[in-house]
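The block underneath contains the structure these notes are about, expressed in structure tokens.
Hydrogens, waters and symmetry mates play no part in the numbers below; they use all other heavy atoms, side chains included. Being a predicted model, the structure only gives us computed values, none of them experimental.
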Amino acid sequence: MSTEEKSAAPRSLAEALRVRDDVSLAALLRSRPDLITPVPTDLTQLATRAGTRASVVRALERLDRFTLQTAEALAVAPDPASYRELLGLMAGDEEDPAVAAALPRAAALLREQALVWGADDRLRLVRTARELLAPSPQHPSPTGLGPTVREATAGMSPGRIQEILAAAGLPSTHDSVSAVSALGALFADRRRMAALLAALPAESREVLDRLVWGPPYGQVTHDPAAHLRALLDRGLLLPTAPGTVVLPREVALHLRAGRAHRAPEPVPPPVEAAATHRPQVVDATAAGQALAALATVDELLKEWDEGGPSVLRAGGLSVRDLKRTAVALDVPEPVAAFWVELAYGAGLIASDGEADERYAATPAYDEWRELPPAERWARLAGTWLTATRTPGVVGGRDAKDRTLSALGPNLDRSAAPEVRHRVLALLAGLPEGASPVAESVLARLRWERPLRGPRQERETGSGAARDDDLRSRIARWTLSEAELLGVTGRGALAAPGRALIGAPEAPRPAAAEGTGEPEGPGDKLPVHHHRTPPVTAPPTPAERAAATATAARLLAPLFPEPLDHVLLQADLTAVAPGPLEQELADVLGVLADVESKGGATVYRFTPGSVRRALDAGRSAADLHAFLARHSRTPVPQPLTYLIDDVARRHGRLRVGAASAYVRCDDDATLDEILADKRAAALGLRRLAPTVLAAQADPAALLEGLRAIGFAPAAESAAGDVLIARADSHRTPPRAAPEPVPDGPPAPDDTLLAAALRAVRAGDLASTTPRKPGPGDEGSGGGGGAPGGTLPRTGAAETLATMQAAVLTGEALWIGYVNAEGAASQRVIAPIRVEGGFVTAYDHTADEVRTYPLHRVTGVAELADDAG
């Protein structure tokens with residue numbers, strides 16, 4: 001490198017950022033949004049923030065496996081390292097062509113994210129990243145490498161170092177530094193190192209083979225065996241503590257043929273297709289699941305219409321209430337938790353906020369039920385895709401060893417939306433109608449995001465993360481939840497699900513065109529290799545709304561037309577051979593109980609269900625007319641008799657508030673009630689021949705009389721029959737829970753442009769050369785950059801300099817303290833000075849501003865060569 005090139009090379013990360021163009025800086029801020037919150041004042045502050053531990057950890061956690069392996073290799077390379085040295089550590093002496101082809105992308109990504117800076121001959125990993133990834137006795141490196149010879153011999157006596165040189169066949173030196181350098185050079189020389197190892201006994205080589213891929217530390221006794229003594233004498237093992245030895249990094253790299261990793265993974269593992277189905281079958285299956293999902297959510301909300309389970313003191317559902325809900329929905333408890341959380345996330349259920357706090361449907365539920373089925377499904381699916389609340393963790397334990405309950409706190413997992421979207425995107429990359437091998441999806445996700453923390457424990461050298469990590473569990477839950485919701489059918493992504501994530505139309509395999517469908521799990525498709533997707537900004541709310549609308553439009557034709565009829569049978573049941581119109585389903589849901597669900601729903605009529613319909617304001621004539629209008633079969637006589645019999649007795653008794661009272665025109669009926677021992681608990685007494693008073697409240701009195709065989713009706717204070725509707729209890733308007741983001745949101749283009757303008761302007765103010773002022777003698781500031789110190793001048797000098805600059809049109813460098821006491825430095829071009837204010841074009845803010853002169857700490861002229 002020439003002298004000019006050396007002088008042009010950046011000496012710090014700030015200088016490296018300073019020579020970037022706006023496109024490169026925008027890519028950095030988009031990939032690391034924490035750097036822009038708040039907007040840094042200049043590029044020096046941006047570089048400082050990019051090197052903080054929290055920011056570096058977040059950036060490392062978002063690297064794919066190969067890029068992370070590249071950073072780990074740089075952490076064990078010399079500082080600085082050349083690209084050639086990095087290539088040797090990644091590709092080995094034989095230079096694996098796949099690694100060599102993928103390394104430029106990884107190095108460019110590290111440089112783009114400001115984790116690496118410098119020219120190709122002087123690559124530097126930022127200090128914090130090196131501290132996190134470099135090996136140490138407390139935190140072994142994922143590479144399995146140990147310390148260098150220089151690090152391992154620190155503190156060793158000079159005499160012992162000279163003994164090692166002699167045993168290794170090297171001449172003695174005059175000092176320890178040169179001795180260590182000579183030993184390191186020997187270990188790094190492939191030819192001389194091969195000769196040294198060839199002279200060792202086989203047992204010694206076996207010890208090295210056991211340590212070569214890590215951990216590099218071993219234990220020895222105070223009197224080691226001869227084959228261990230041969231290694232210790234030659235420095236191939238170096239003592240680090242009493243009884244502990246380590247394999248030096250240079251020796252391990254020689255034994256590894258120069259590779260820092262046992263198994264570099266330059267190419268992402270492919271997502272394998274397990275089976276393929278005709279797209280029409282996939283879409284039809286998904287549509288059936290979507291209809292079932294709507295029915296399940298509707299059933300859950302109807303179950304809680306008049307007030308659901310109580311809210312625990314700490315929030316959420318009790319285990320008992322979750323079990324009851326699972327029984328009512330006829331699903332396992334984890335699935336019940338999923339449906340409950342989905343309805344909650346969509347804003348359909350919430351706490352009512354009463355003194356006896358309970359969960360209930362919200363007013364949004366009534367609005368949701370009025371939507372077409374496809375739009376209802378799209379709202380649920382869109383909620384699921386973006387929600388951070390993760391029902392899969394229900395039943396687990398939190399950090400304080402408390403059970404995590406459905407609808408309770410601490411269920412948010414910020415990674416959930418990203419993982420769900422990525423899993424569906426991987427499915428979208430398969431041929432249309434192909435279902436994936438679940439393990440291949442998990443393997444791909446682990447390659448894309450291998451690091452869960454700066455000191456994550458992994459299998460040394462293999463790079464495989466543990467199978468129980470959160471991202472893998474979320475991915476498994478995503479595959480099952482997508483099937484429950486109808487986003488996938490038979491494991492393959494359906495057309496509405498593809499539209500939901502904004503994926504393009506899937507390519508169809510040529511061989512599958514018009515050839516039927518292999519259906520069994522044994523029908524394997526070819527392995528499908530994915531390209532690493534480009535990093536894109538998350539969709540905006542408008543884009544998500546458009547995708548949801550497109551998904552609803554694609555799903556609507558797949559839904560069967562709702563039926564306006566049922567089939568009544570003589571055994572007091574009705575069969576709905578498909579989905580019913582909303583009004584018919586609502587009335588039938590009150591008049592009868594659901595007995596079984598599936599392709600056809602079976603309803604059963606009972607005295608209790610008929611009484612429920614009468615309580616809702618229907619008359620017997622209304623019910624007969626309704627059944628005759630909507631039945632494709634004649635109304636069975638037993639059903640007619642059942643309705644007439646319940647209606648004949650319904651409302652003969654009237655219950656009101658006294659605490660409560662019972663009135664009946666037939667005093668013999670009241671005599672019968674008083675004579676019944678089962679009514680004793682109600683505390684009844686006769687007030688008049690046709691009126692009884694009760695100590696129980698009206699609701700308890702109604703239930704008590706119904707329990708002993710009567711059919712009373714509630715009445716108002718005016719004596720009118722009260723109509724008890726199924727949707728009578730609603731919470732006040734409630735907002736759906738907001739997702740908890742994983743760090744600051746990605747900036748949009750407008751914010752990026754404004755931030756870049758502010759950072760560039762601030763950097764101009766902090767680095768513009770200025771002429772020496774009266775206080776610059778001996779300070780080193782004359783003619784140089786301000787270095788972060790504000791200029792200091794008296795009020796008279798400040799005013800005079802400002803007025804002169806108005807006449808000459810020259811720019812000035814000023815120090816300014818705002819009303820909050822925050823100090824900053826700016827480059828301004830004064831336009832007008834009057835009334836104690838200066839109006840100037842502020843290069844820092846890129847606009848004309850007015851500043852009070854008393855807040856200007858000082859002023860300095862810019863140097864003549866300031867550009």
Side-chain angles (χ1 to χ4, degrees), residues 73 75-79 81 85 88-89 92-93 134-138 140-141 143-260 262 460-461:
V76 297
D79 186 27
E85 290 173 316
L89 287 170
D93 295 344
S136 68
Q138 295 76 24
S141 168
T143 62
L145 292 170
T148 63
V149 172
R150 184 177 302 278
E151 294 167 345
T153 56
M156 185 178 292
S157 67
R160 177 58 184 147
I161 295 176
Q162 296 298 330
E163 291 175 1
I164 292 175
L165 284 185
L170 296 174
S172 62
T173 63
H174 297 289
D175 57 81
S176 297
V177 174
S178 58
V180 170
S181 298
L183 190 61
L186 169 64
F187 293 161
D189 189 313
R190 295 285 188 266
R191 182 183 57 80
R192 291 193 294 162
M193 189 64 177
L196 180 64
L197 294 175
L200 293 174
E203 294 86 349
S204 300
R205 289 298 305 270
E206 290 177 1
V207 172
L208 296 179
D209 290 340
R210 288 198 298 269
L211 298 177
V212 64
W213 293 109
Y217 295 91
Q219 302 294 320
V220 296
T221 63
H222 67 283
D223 186 17
H227 64 282
L228 291 175
R229 173 57 62 187
L231 297 174
L232 291 168
D233 288 345
R234 292 164 175 79
L236 299 174
L237 291 180
L238 292 172
T240 60
T244 302
V245 294
V246 67
L247 181 68
R249 186 180 305 171
E250 294 87 346
V251 177
L253 287 174
H254 173 83
L255 296 172
R256 298 178 177 195
R259 285 182 293 155
R262 188 171 196 168
T460 302

With rounding to the nearest 0.5 angstrom, report the CG to CG distance, Leu255 to Leu197.
6.0 Å
Using the side chain to side chain donor-acceptor pair (under 3.5 Å) rule, collect all pairs that involve residues 160-174, keeping only residues at least two apart or in two chains.
Arg160-Glu163, Gln162-Thr173, Thr173-Ser178
For Arg190 and Asp93, the nearest pair of non-hydrogen atoms, with its separation, is NE-OD2, 2.8 Å
Find the distance between CG (Leu165) and CG (Leu186) and round it off to the nearest 0.5 Å.
9.0 Å
Partners meeting side-chain hydrogen bond (donor to acceptor under 3.5 Å, both in side chains) with Arg150 (sequence neighbours left out)
Ser181
Can you name the side-chain hydrogen bond (donor to acceptor under 3.5 Å, both in side chains) partners of Ser176, sequence neighbours left out?
none
Give the minimum heavy-atom separation between Leu211 and Tyr217, together with the two atoms involved.
CD2-O, 3.7 Å
My understanding is that only residues two or more places apart in sequence, or in another chain, count here; which of them pass side chain to side chain contact (heavy atoms under 4.5 Å, CB included) with Leu253?
Leu89, Leu145, Arg249
All pairs passing salt bridge (charged side-chain N to carboxylate O under 4.0 Å, His left out) where residues 208-227 contributes a residue, at least two apart:
none
Backbone N or O of Asp233 within a donor-acceptor pair of the Arg229 side chain at under 3.5 Å?
no
Answer yes or no: is there a side-chain heavy-atom contact under 4.5 Å between Val246 and Leu237?
no
Is any side-chain heavy atom of Leu200 less than 4.5 Å from a side-chain heavy atom of His227?
no
Heavy-atom pair with the smallest gap, counting every atom of Ala260 and Val76
CB-CG2, 4.5 Å
Could I get the full list of salt bridge (Lys or Arg N to Asp or Glu O under 4.0 Å) partners for Arg234, not counting sequence neighbours?
none
So which atom in Gly92 and which in Arg259 form the shortest heavy-atom distance, rounded to 0.1 Å?
CA-CG, 3.4 Å
Identify the two heavy atoms, one from Leu247 and one from Ala252, that lie closest to each other, and give their separation to 0.1 Å.
CD2-CB, 3.7 Å
What heavy-atom pair brings Ala179 and Ile161 nearest, and what distance separates the two atoms?
CB-CG2, 3.5 Å
Does Thr153 use its side chain to pair, donor to acceptor, with the backbone of Val149 at less than 3.5 Å?
yes
Only residue of Leu236, Leu238, Leu196 satisfying side chain to side chain contact (heavy atoms under 4.5 Å, CB included) with Val251 is Leu236
